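In what follows, a structure is listed as structure tokens, so that the remarks can point back to it.
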Amino acid sequence: QVQLVESGGGSVQAGGALTLSCAVSGPTRSRNCVAWFRQAPGKGREGIAQIDKDDSTRYADSAKDRFLISQDTAKNIVSLQMNDLSPEETATYYCAATPLRCYATAHDQPSAGAFRYWGQGTQVTVSS
């Protein structure tokens with residue numbers, strides 16, 4: 001069973017930066033692609049970025065040029081560096097994993113339906 005534990009959430013002012021971490025464990029064949037999502041109150045879960053076991057990455061348009069997803073395979077940690085945050089990005093941030101390869105989906109933005117395993121989330125609050 002794949003387990004994911006997010007950390008690094010907190011409060012930041014608009015224009016600030018924050019780095020989230022996701023500790024991933026379990027069978028490697030079940031977590032070929034790991035992604036970050038976020039969900040604001042009253043809204044659906046939005047895909048941000050995904051990274052494949054071969055280190056290739058894909059981003060939602062809203063994350064390109066500001067966010068960076070990376071992984072430390074030795075430590076089994078997937079990180080999301082977020083820059084120039086805005087209050088509209090206040091949300092609970094989740095990491096998720098799937099046995100599928102990231103390139104198995106047609107879009108750069110990860111789709112929640114493709115991911116089987118989820119963490120509990122970490123809160124990010126951006127104040128104006």
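Keep in mind that what you see is a predicted model, and the values were worked out from it rather than measured.
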Minimal non-hydrogen separation, [X] against [Y], with atom names:
X	Y	value
Cys102	Arg58	O-NH1, 2.7 Å
Ala35	Pro110	CB-CB, 3.9 Å
Ala91	Ala40	CB-N, 3.7 Å
Cys95	Glu6	N-OE2, 2.9 Å

Distance in Å, [X] [atom1] paired with [Y] [atom2], rounded so as to fall on 0.5 Å steps:
X	Y	atom1	atom2	answer
Gln1	Tyr117	CD	OH	5.0 Å
Asn32	Thr98	CG	OG1	8.0 Å
Gln120	Thr92	CD	OG1	11.0 Å
Ser7	Ile77	OG	CD1	7.5 Å
Glu88	Lys43	CD	NZ	8.0 Å

With sequence neighbours excluded, tell me which residues meet side-chain contact (heavy atoms from CB on, under 4.5 Å) with Ser56.
->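 For Ser56 the side-chain contact (heavy atoms from CB on, under 4.5 Å) partners, ignoring immediate neighbours, are Asp52, Asp54.
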For Leu18, the option from Thr125, Val124, Val126 that meets side chain to side chain contact (heavy atoms under 4.5 Å, CB included) =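 Filter result, single survivor: Val124.
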Around atom [atom1] of [X], are there more than 12 heavy atoms of other residues, nucleotides or ligands at under 6.0 Å?
X	atom1	answer
Arg116	CZ	no
Lys64	NZ	yes
Gln13	CD	no
Asp65	CG	no

Under 3.5 Å donor-acceptor, Arg31 side chain and Ala97 backbone |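 Answer holds: no.
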Would a distance-only check, ignoring hydrogens and angles, find a side-chain to backbone donor-acceptor pair under 3.5 Å from Tyr59 to Ile69?
->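 Answer holds: yes.
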Kindly indicate whether the side chain of [X], heavy atoms from C-beta on, has any atom under 4.5 Å from the side chain of [Y].
X	Y	answer
Arg38	Ser62	yes
Gln81	Ser70	no
Lys53	Val34	no

Give a yes or no on whether [X] and [Y] share a hydrophobic cluster (residues Ile, Leu, Val, Met, Phe, Trp, Tyr; joining criterion: side-chain heavy atoms under 4.5 Å apart).
X	Y	answer
Tyr94	Val2	no
Trp118	Leu4	no
Leu68	Val78	yes
Ile48	Met82	yes
Leu20	Phe37	no

Hey, do the aromatic rings of Phe67 and Trp36 have their centres closer than 6.0 Å?
->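 No.
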Sequence-distant partners of Tyr93, ring pair (Phe, Tyr, Trp, His ring centres under 6.0 Å), two or more places apart |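 For Tyr93 there are no ring pair (Phe, Tyr, Trp, His ring centres under 6.0 Å) partners, ignoring immediate neighbours.
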Applying side-chain hydrogen bond (donor to acceptor under 3.5 Å, both in side chains), run through Asp55 and Gln71 and close with a yes or a no.
-> CA-CA 8 Å; Asp55 284 335; Gln71 63 186 347; 2.6 Å; yes
